[in-house]
Amino acid sequence: MKQGHVISHEKRKCDKLFQPLLLGFFTGYPVNICYEHHAALAPLLQFHLNNCGDPFTQNTVDFHSKDFEVAVLDWFAQLWEIEKDEYWGYITNGGTEGNLHGLLIGRELHPTGIIYASKDSHYSISKATRMYRMEIETINTLVNGEIDYADLRSKLLLNKNKPAIININIGTTFKGAIDDLDLVLQILQKCGYSNDRYYIHCDAALYGLIVPFTQHVKTITFKKPIGSVSISGHKFLGCPMPCGIQITRKGYITSLSTKIEYIASVDATISGSRNGLAPIFLWYSLCMKGRAGLQQDAKMCNENARYLKGRLHKAGISTMLNESSIIVVFERPNDPKFIRHWQLSCTRDMAHVVVMPGITRETIDNFFKDLMQERKKWYQVGIIVPPCLADDIGSQNCLCSKQKMRH
């Protein structure tokens, strides 16, 4: 086979593989594919850029992009209200690494501490406890996915002799629930935990760039006694490679810092070599969008999420949407092919659509039309009925036949 034919064949394979992305069917996962920097920044792919070591320490080699990395970090430090000389951070390989780093700082500050995390927390939290061999208290959740504050209080009181390392979810993975940081701080105070006996990490992987532009109160701010915040850069902002931002207080990082002669730098990161392209792509996106652009995206996604929820509810389909959320939870489609086609994320009898900037009204209408057509086939004879989601999303949101009969 000639080289031209080989390339053409491989291109067709790639087009087929990435068809869901090209057609906007990537509905179940939080990835923003609406960015234009791939064309402008494509020439950078010819360079090897490695940001190993501390972002604030210049290496003896020049193949890095630390100036861009620091510029991105400064932007987020300003957003989350911490002074330039009071924070430390770095561009991670994604939200999981940010969570691993944040909880590692908590462990180093409180070696005997217990991690408290709700059962709706991202799987990387339990991964961290296994890696670091730490004790964990899994907290129940409310029906909307928010942490159960009564259960948190009882378990904090039960372990008063040990410091608390608490994971706060600024948007849970599946339901998009936001834990009430102020209420958690009140509970810690009432349970007798002084500021030096707890550490709070905020997992804001998706909502870290939504909440600041949709809520009037400052949910994420270092003016409150939090220890660290992490987000994913490839989610709401959009980036062709997985990446993230992790920021903590500068005074906390000393115990993790090690001087590495080989790279002529101090290192306090999880990974060694770090992607030097990611900071440039993030910096470019932030410059192009700015706060106004992000606010516009957040507003549009919130409105489109409400639109989808309204269409599903009007059609008699069980559905739930948390306040300020862009994640619409509904009954799990009864066909793996449909789930695969629309790239839905599912757990138990639930599925969800994450309404990202690329999910337009047209995409929502096409999805809804397809769902309704297929649904008639799944439930046409009445032998199979839609699942009851009362326990998963609340009886007020469940529209199955059982709930209708009860009401």
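Atom set for the values below is all heavy atoms of this structure, side chains included, hydrogens, waters and symmetry mates excluded.
The environment of Glu86 atom CD is dense: over 12 non-hydrogen atoms of other residues, nucleotides or ligands sit within 6.0 angstrom. With a 6.0 Å radius and a threshold of 12 heavy atoms from other residues, nucleotides or ligands, Asp391 has its CG atom at or below the threshold. By the neighbour-count criterion of 12 heavy atoms within 6.0 Å, atom CE of Met241 is densely surrounded, having more than that number from other residues, nucleotides or ligands. Heavy atoms of other residues, nucleotides or ligands lying less than 6.0 angstrom from CD of Gln78 number 12 at most. In this structure, Lys224 places its NZ atom where more than 12 heavy-atom neighbours from other residues, nucleotides or ligands lie under 6.0 Å away.
How far CG of Leu282 is from CG of Leu277: 11.0 Å, rounded to the nearest 0.5 Å. To the nearest 0.5 Å, atoms CG (Leu79) and CG (Leu209) are separated by 6.5 Å. Distance check: Thr254 OG1 to Glu108 CD gives 11.5 Å after rounding to the nearest 0.5 Å. The distance from the NZ atom of Lys127 to the OG1 atom of Thr129 is 11.0 Å, given to the nearest 0.5 Å. Interatomic distance, CH2 of Trp88 versus CD1 of Ile253, reported as 4.5 Å (0.5 Å rounding). Taken to the nearest 0.5 Å, the OG atom of Ser65 stands 11.5 Å off from the CH2 atom of Trp283.
Of all heavy-atom pairs spanning Leu44 and Ile280, the tightest one is CD1-CG2, 3.7 Å. The shortest heavy-atom contact between Ile139 and Asp148 is CG2-O, 3.5 Å. Across all their heavy atoms, Tyr193 and Asn159 have their closest contact at OH-O, 3.2 Å. Heavy-atom minimum distance, Val328 versus Leu321: CG2-CD1, 4.1 Å. Of all non-hydrogen atoms in Phe330 and Leu371, the two that sit nearest each other are CE1-CD2, 4.5 Å. Taking every heavy atom of both residues into account, Gly102 and Tyr199 meet most closely at O-CE2, 3.3 Å.
With a 4.5 Å cut-off on side-chain heavy atoms, Arg306 and Lys309 do not count as touching. Counting heavy atoms from C-beta outward, Asn397 and Leu389 have side chains that stay 4.5 Å or more apart. Thr173 is not listed as a side-chain neighbour of Asp120, based on a closest heavy-atom distance of 4.5 Å or more. Counting heavy atoms from C-beta outward, Leu188 and Asn195 have side chains that stay 4.5 Å or more apart. Between Leu104 and Leu100, every side-chain heavy-atom pair lies at or beyond the 4.5 Å cut-off. Residues Phe236 and Cys301 meet the side-chain proximity criterion, which asks for heavy atoms closer than 4.5 Å. For the pair Ile327 and Phe174, the minimum side-chain heavy-atom distance is 4.5 Å or more. Using a 4.5 Å heavy-atom cutoff, the side chains of Leu185 and Ile200 are in contact.
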Starting from the C-alpha separation in whole Å, work towards a yes-or-no answer on side chain to side chain contact (heavy atoms under 4.5 Å, CB included) for Phe76 and Ile231. CA-CA 10 Å; Phe76 280 94; Ile231 74 161; 3.4 Å; yes
Intermediate values then yes/no, side chain to side chain contact (heavy atoms under 4.5 Å, CB included), Asn51 and Ile91: CA-CA 9 Å; Asn51 286 13; Ile91 305 299; over 6 Å; no
Could you go through the side chain to side chain contact (heavy atoms under 4.5 Å, CB included) check for Asp335 and His341 one step at a time? CA-CA 10 Å; Asp335 183 2; His341 176 71; over 6 Å; no
Evaluation steps, side chain to side chain contact (heavy atoms under 4.5 Å, CB included), between Met134 and Ile165: CA-CA 10 Å; Met134 295 181 69; Ile165 301 167; 3.5 Å; yes
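Glu69 has no carboxylate O lying under 4.0 Å from a charged side-chain N of Lys66, or vice versa, which leaves the two without a salt bridge. Using a 4.0 Å cut-off between charged side-chain N and carboxylate O, Arg375 and Glu331 make a salt bridge. Salt bridge status for Lys250 with Asp85: absent, with no side-chain N to carboxylate O gap under 4.0 Å.
Taking the six-membered ring for Trp and thresholds of 30 and 60 degrees, Phe63 and His48 have ring planes inclined between 30 and 60 degrees apart.
Relative to the six-membered ring of Tyr90, Arg274 misses at least one condition, a distance below 6.0 Å or an angle of at most 45° to the axis.
Looking at Thr214, its side chain does come within 3.5 Å of a backbone N or O of Ile210 through a donor-acceptor pair. Put simply, the side chain of Asn275 gets close to the backbone of Ala278: a donor and an acceptor are under 3.5 Å apart. The backbone N or O of Phe222 lies less than 3.5 Å from a partner atom in the side chain of Arg249, making a donor-acceptor pair. Of the possible donor and acceptor atoms, one in the side chain of Ser154 sits under 3.5 Å from a partner among the backbone N and O of Asp151. At least one donor-acceptor pair closer than 3.5 Å links the side chain of Tyr207 to the backbone N or O of Ile326. At distances below 3.5 Å, at least one donor-acceptor pair connects side-chain atoms of His101 with backbone N or O atoms of Ala268. No donor-acceptor pair under 3.5 Å is formed between the side chain of Glu303 and the backbone N or O of Met300. Judged by distance alone, the side chain of Thr360 and the main-chain N or O of Thr363 form a donor-acceptor pair under 3.5 Å. Put simply, the side chain of Thr269 gets close to the backbone of Ser271: a donor and an acceptor are under 3.5 Å apart. Side chain of Lys175 to backbone of Ile393: no donor-acceptor contact under 3.5 angstrom is found.
No side-chain donor-acceptor contact under 3.5 Å links Thr319 and His313. For the residue pair Asp179 / Ser118, no side-chain donor-acceptor distance below 3.5 Å is found, with atom types taken as modelled.
Screening Thr96, Thr92, Asn99 for a side chain to side chain donor-acceptor pair (under 3.5 Å) involving Ser230 leaves a single residue, Asn99. The side-chain contact (heavy atoms from CB on, under 4.5 Å) with Cys398 is formed by just one residue from the set Pro386, Ser318, Pro387; it is Ser318.
Between Tyr87 and Trp80, the distance separating the two ring centers is not shorter than 6.0 angstrom.
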